Amino acid sequence: MTKWVYSFGDGAAEGRADMKNLLGGKGANLAEMASLGLPVPPGLTITTEVCTYYYDNGHSYPAELEGELDAAIAQIEASVGAKFGDASNPLLVSVRSGARVSMPGMMDTVLNLGLNDETVQGLAANSENPRFAWDSYRRFIQMYSDVVLGVDHYHFEELIDIHKEEKGVDLDTDLDADDWKELAAAFKAKTEEELGKPFPQDVKEQLWGAINAVFGSWRIERAKVYRKLNNIPEEWGTAVNVQAMVFGNMGETSATGVAFTRDPSDGTNEYYGEYLINAQGEDVVAGIRTPQNLTKKARVDAGNDKPSMEESMPEVYGQLADVFEKLEKHYRDMQDIEFTVQRGKLWMLQTRSGKRTAKAALKIAVEMVEEGLIDEKTAVMRVEPASLDQLLHPTLDPDAPRDIYTRGLPASPGAASGKVVFDSDEAEAMAKNGEDVILCRVETSPEDIHGMHAARGILTARGGMTSHAAVVARGMGRACVSGAGQLRIDGKAGVMTCMGREIKAGDIITIDGGSGEVMVGEVKTLQPELSGDFAKLMTWADAHRTLKVRTNADTPNDTSTAREFGAEGIGLCRTEHMFFEGERIVAVRQMILAEDLRGRKEALAKLLPMQRGDFVEIFKIMHGLPVTIRLLDPPLHEFMPREENEFADVADAMGVDAAVLKRRASDLHEFNPMLGHRGCRLGITYPEIYEMQARAIFEAAIEVEGDTGETVVPEIMIPLVATEKELAMLRERVEAVAGEVFAEKGKSVDYLVGTMIELPRAALQAAKIASSADFFSFGTNDLTQTAIGISRDDAGRFLDEYVKKDIFAQDPFVSIDQDGVGELVKLGAERGRSTKENLKLGICGEHGGDPASVEFCHGVGLDYVSCSPFRVPIARLAAAQAALKG
Ligand code: ADP
Ligand code: MG
Ligand code: MG
């Protein structure tokens with residue numbers, strides 16, 4: 001037979017902490033605390049199965065419920081020595097909802113249930129405190145009317161205000177027993193007026209009313225919305241807890257409070273909490289009175305003069321501290337606790353694992369290992385990988401004053417201050433002079449890459465979380481606030497305005513890409529702490545993961561950042577970003593706009609030493625770690641001159657007329673460049689471009705091996721391959737260049753040639769393509785675009801709606817679409833390995849730094865993920881968690 005009700009109290013319980021599914025989080029932990037012998041007011045939990053029954057059976061209850069409930073209430077009565085509904089010695093209870101996970105939106109707790117016009121007299125007589133009794137009664141009428149009967153609480157607050165005004169007092173504490181008695185009567189009358197029937201006096205009717213309200217609240221709109229947002233299934237249901245009341249409002253030796261066993265904001269191993277003397281339950285959070293500090297130290301640090309609990313109730317405080325120690329040892333985690341003191345006696349009302357910031361999570365996990373409370377694996381599992389992002393960037397000093405100018409989207413984390421610049425060239429020039437700049441644009445485009453790179457932070461007036469600015473800034477690890485909609489930017493005039501406040505070029509602002517705030521002037525920032533706890537946790541993570549973590553890095557600068565963050569190689573070095581640097585762009589444009597092979601070769605000859613120089617630097621930084629270099633990929637028009645002066649520069653260098661160049665440029669126009677003349681298609685039509693790049697790579701590798709004595713194994717990657725022939729042909733070219741260079745230098749290096757799998761056809765044909773490949777790297781950005789047929793640059797207009805309507809659970813560019821794109825990755829991996837058993841497999845899309853995608857890659861059996869430098873630690877931790885989950 002199903003058991004519907006579980007009792008707890010007096011050092012014993014029918015439930016346990018691991019029965020959260022059945023008893024809800026609150027009920028399971030109350031049972032556990034009771035079993036531990038902690039002082040828990042006795043009570044009962046009606047299971048979540050009753051909730052399920054209630055909805056499956058037209059809002060009715062199992063036949064046995066009433067009997068079980070009565071028996072459990074009788075047990076509480078026996079324990080407390082009072083009777084529910086008894087006029088002279090009444091038992092009062094609280095009715096509390098409690099799902100498996102804490103869920104805002106569920107029914108609020110009702111306290112003091114069991115009071116009516118008769119029992120309130122008994123309570124007054126027994127407690128010898130009529131003020132307390134009438135205060136409790138009016139609180140009950142207020143809460144019950146609001147929460148169960150749906151009479152808005154402001155009605156009652158209004159009545160209190162009127163009463164205080166008539167009496168000429170300011171504070172609730174100035175009201176005496178008679179005042180509360182009068183108010184209780186007024187409250188009842190108000191409820192009757194609103195509902196057309198009297199406030200329920202029958203205590204059993206009160207109890208069932210509250211139980212119905214809890215189960216009913218499981219399906220109210222705000223609870224449904226919350227569940228949807230947090231992926232909590234409908235069928236979980238909620239439990240109901242009925243618990244004997246203890247009173248923190250019985251006078252100066254009574255109090256109520258909340259506490260964390262460690263500081264939830266920074267993790268410091270010190271009790272953290274607040275309490276209020278002569279108060280009940282929600283008063284602490286409600287903010288009617290200002291709570292006092294729990295510990296003396298916190299009080300002194302905060303400069304408060306009202307005594308801490310440690311000072312005002314030293315004995316109870318001592319007991320509370322013992323309970324904290326006991327609970328932490330038992331749960332092996334930081335706890336969030338509710339307690340009440342009734343006339344000098346401590347009662348525990350709730351415990352659960354405390355929510356904490358990333359900083360606190362890290363510190364607590366590491367310190368608990370050192371204290372012997374948890375093992376390293378548990379510590380690794382305790383820190384949310386994505387939350388590390390908050391720790392890897394500079395943050396605003398929380399104590400520094402801020403003058404908020406405007407707000408936008410928190411597009412890329414980190415805080416940065418600098419001079420306002422509206423133009424990317426200027427940003428670059430000023431940065432070269434050692435100045436910190438914030439690039440402010442209406443929106444950004446690929447033309448702004450160098451300016452974004454030079455800037456400390458980027459602010460845009462338009463564009464969402466997946467706008468060019470946001471995506472590129474995240475990749476570069478630059479702070480970015482995007483879509484600050486109230487901002488009017490006039491770059492030409494050199495000013496921006498917001499709500500009438502003007503900021504000129506050269507003025508200093510601060511942006512916080514973690515919160516989206518934009519501030520006037522410089523706000524002090526704090527640098528991330530990468531040694532200490534962070535380093536320890538990462539070492540433990542590394543010991544448990546099997547996936548390697550590489551980085552996507554194009555510049556020596558990014559490469560060294562990534563090395564500091566623990567990258568084990570470069571999974572994607574995009575050669576085209578090198579083309580934008582300084583003077584090179586002119587040579588690149590010359591190559592693109594050349595009329596013929598001879599012209600192109602001339603331009604390529606200029607580029608060769610520059611590319612070789614970059615590779616030399618990168619190989620040196622990586623000290624023999626693998627480096628995957630992708631040959632030229634983007635459509636050529638991305639490099640095209642736009643402005644008059646840019647055409648003039650190229651025309652100069654080539655010794656031709658600018659008009660000729662413009663004609664050639666318009667010939668190159670493409671209708672759909674993403675699917676146009678790009679990737680290996682460039683290599684097939686202009687083999688000399690890839691040949692130059694291959695030569696630069698081999699020459700650099702030989703040079704570095706000669707200089708350092710370290711082995712360099714370049715991995716040359718051919719992009720956008722759809723057919724085995726493309727790869728076979730290009731591989732032959734690369735091998736031919738290798739042969740030439742090795743012969744010239746009289747020295748050779750080992751190298752790999754592989755391809756990106758970023759077109760569905762390539763994934764399908766992976767078995768054949770693998771015969772010409774030493775490795776595959778899944779380019780999941782393009783694979784997502786081509787598999788779903790969505791252009792990332794245009795997705796902003798509809799993708800949000802798709803996610804809201806649950807067509808996609810998540811933005812497929814942020815977290816890999818496992819059913820579609822992921823299926824292609826899986827298939828490509830399997831088919832590739834069916835040809836070559838030890839084909840090296842990796843992924844190099846943005847997904848490489850997304851924890852859910854990393855877990856997916858682990859499951860598919862890839863060798864490595866590659867992500868932007870700042871996400872390397874996130875990927876390391878996510879990979880460890882994936883391995884530990886098994
Ligand atoms: P929530 O989930 O919103 O915290 P709770 O059920 O925990 O709701 O309770 C709301 C407040 O009422 C808390 O401050 C809690 O400590 C207090 N409370 C709940 N039950 C009792 C009780 N039996 N005696 C005294 N205070 C109680
Ligand atoms: Mg609570
Ligand atoms: Mg691509």
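Counting convention: from 1, in listed order, for ligands and their atoms alike. Heavy atoms only: backbone and side chains are in, while hydrogens, waters and symmetry mates are out. As the structure is a computational prediction, the values presented were derived from the model and not from experiment.
Between T238 and S97, the side chains place no donor N or O within less than 3.5 Å of an acceptor N or O (distance only, hydrogens not considered).
Every atom of ligand 1 is numbered from 1 in the order shown, and the set under 4.0 Å from a heavy atom of V246 is 24 (N), 25 (C). Near Q350, meaning under 4.0 Å from any of its heavy atoms, are these atoms of ligand 1: 4 (O), 7 (O).
F339 is linked by a ring pair (Phe, Tyr, Trp, His ring centres under 6.0 Å) to nothing, counting only residues two or more places apart in sequence or in another chain.
Distances from atom 18 (N) of ligand 1 to the heavy atoms of T109, D336, L111 show the closest one on L111. Summarising the contacts of atom 13 (C) of ligand 1 with E338, Q342, M245, M348, the nearest heavy atom is found in E338.
Across N112, T119, D117, N116, a single residue satisfies side-chain hydrogen bond (donor to acceptor under 3.5 Å, both in side chains) together with Y137, and that is D117. When the options L91, L92, V95 are evaluated for a side-chain contact (heavy atoms from CB on, under 4.5 Å) with L113, the one that passes is V95. Looking at E328, Q335, E270 one by one, the single match for side-chain hydrogen bond (donor to acceptor under 3.5 Å, both in side chains) with R262 turns out to be E328.
Checked against the 6.0 Å centroid criterion, the rings of Y144 and F199 qualify as a close aromatic pair. The aromatic ring centroids of Y54 and Y61 lie less than 6.0 Å from each other.
Of all the heavy atoms of P41, none lies under 4.0 Å from any atom of ligand 1, so neither backbone nor side chain is involved.
In terms of polar-atom proximity, defined here as any N/O pair under 3.5 Å, R96 does make such a contact with ligand 1. Considering both main-chain and side-chain atoms, T256 never comes within under 3.5 Å of ligand 1 through any nitrogen or oxygen pair. Close N/O approach between L349 and ligand 1 is not found [any backbone or side-chain N/O within under 3.5 Å].
Residue E338 approaches the Mg ion (ligand 2) most closely through its N/O/S atom OE2.
The heavy-atom pair separating F140 from L111 by the smallest distance is CD1-O, 3.3 Å.
Taking 4.0 Å as the cut-off, Q280 does not count as a neighbour of ligand 1 on heavy-atom distance. Note on ligand 1: S97 sits outside its first shell, no heavy atom being nearer than 4.0 Å.
Not one N/O/S atom of T109, from backbone or side chain, sits under 2.8 Å from the Mg ion (ligand 2).
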